[in-house]
Amino acid sequence: QVQLVESGGGLVQAGGSLRLSCAASGHTDARFVMAWFRQAPGKEREFVAAISSSAGGTYYADSVKGRFTITRVDAKKTAYLQMNSLKPTDTAVYYCATDLQRGAISDEFAYEYWGQGTQVTVSS
């Protein structure tokens, strides 16, 4: 079992920045993919970013490319999502996920473990 706890969400004005953290505990593995998804009110959950390992590749949704950066520190069992130039359309609950079982890295159904989410609200 793996437990994930997100933090760092909040209210920010458009153009501002936030850094989300995802702390993992339990049977974690540095080889696990770590990813961020988000779900806005009335919309389906969507892929934001993923990182395959500390030395591995990073992947981003087109909507956040160039503004968001995903990193991980395996010694701390923590993944981060640095979000810059935030827009009101970035408002959503942000979820951390890990342990990609099968399927595409952007497929929410491919992940085994999820956090409870953290709210990000961007005001105009």
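Hydrogens, waters and symmetry mates play no part in the numbers below; they use all other heavy atoms, side chains included. Everything numeric here is computed off the predicted structure, so don't read it as measured data.
Distance alone, capped at 3.5 Å, places no donor-acceptor pair between the Thr121 side chain and the Leu11 backbone. Checked by atom type and distance alone, the side chain of Tyr60 pairs as donor or acceptor with a backbone atom of Ile70 at under 3.5 Å. With Tyr59 contributing its side chain and Ala35 its backbone, the two residues share no donor-acceptor pair below 3.5 Å. Judged by distance alone, the side chain of Ser52 and the main-chain N or O of Gly57 form a donor-acceptor pair under 3.5 Å. For Thr98 (side chain) and Val33 (main-chain N/O), a donor-acceptor pair under 3.5 Å exists by modelled atom type. A donor-acceptor contact shorter than 3.5 Å links the side chain of Arg72 to the backbone of Ala30.
In this structure, the ring of Phe37 has its center no less than 6.0 angstrom from the ring center of Tyr95.
Ile105 and Trp36 fall into different hydrophobic clusters, where Ile, Leu, Val, Met, Phe, Trp and Tyr are joined by side-chain heavy atoms under 4.5 Å apart, directly or via other members. No path of Ile, Leu, Val, Met, Phe, Trp and Tyr side chains, each step under 4.5 Å between heavy atoms, connects Phe47 with Tyr113, placing them in separate hydrophobic clusters. Both Leu18 and Val48 are assigned to one and the same hydrophobic cluster, defined by single-linkage of ILVMFWY side chains at heavy-atom distances under 4.5 Å.
Met34 contributes atom CE, which lies 8.0 Å from atom OG1 of Thr28 (distance to the nearest 0.5 angstrom). The line from CD of Glu46 to OG of Ser63 is 5.5 Å long, rounded to the nearest 0.5 Å. Atom OH of residue Tyr94 and atom CG of residue Leu20 lie 7.5 Å apart, to the nearest 0.5 angstrom.
Closest approach of Cys96 and Glu6 over heavy atoms only: N-OE2, 2.7 Å. Across all their heavy atoms, Leu4 and Ala24 have their closest contact at CD2-CB, 3.6 Å. The nearest pair of heavy atoms linking Ala110 to Leu100 is CB-CD1, 3.4 Å.
Contact check on Asp74 versus Lys76 returns no salt bridge, with no Lys/Arg side-chain nitrogen under 4.0 Å from an Asp/Glu carboxylate oxygen.
Taking the side chain as every heavy atom from C-beta outward, Arg45 and Phe109 never approach each other to under 4.5 Å. Considering only heavy atoms from C-beta on, Glu112 stays 4.5 Å or farther from Phe32 through its side chain.
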Distance-only criterion, 3.5 Å: show the donor-acceptor pairs between side-chain atoms of residues 80-93 and protein atoms not counting sequence neighbours.
unit_1: Gln82; atom_1: NE2; unit_2: Asn84; atom_2: OD1; d: 2.9
unit_1: Asn84; atom_1: OD1; unit_2: Ser17; atom_2: OG; d: 2.9
unit_1: Asp90; atom_1: OD1; unit_2: Arg38; atom_2: NH1; d: 2.9
unit_1: Asp90; atom_1: OD1; unit_2: Arg67; atom_2: NH2; d: 3.0
unit_1: Asp90; atom_1: OD2; unit_2: Arg67; atom_2: NH1; d: 2.7
unit_1: Asp90; atom_1: OD2; unit_2: Arg67; atom_2: NH2; d: 3.4
unit_1: Asp90; atom_1: OD2; unit_2: Lys87; atom_2: N; d: 2.8
unit_1: Thr91; atom_1: OG1; unit_2: Pro88; atom_2: O; d: 2.9
unit_1: Thr91; atom_1: OG1; unit_2: Val122; atom_2: N; d: 2.9
unit_1: Thr91; atom_1: OG1; unit_2: Val122; atom_2: O; d: 3.4

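More than 12 heavy-atom neighbours from other residues, nucleotides or ligands sit within 6.0 angstrom of NZ on Lys65.
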Test side-chain contact (heavy atoms from CB on, under 4.5 Å) applied to Val5 and Gln3, step by step: CA-CA 7 Å; Val5 178; Gln3 295 77 43; 5.5 Å; no
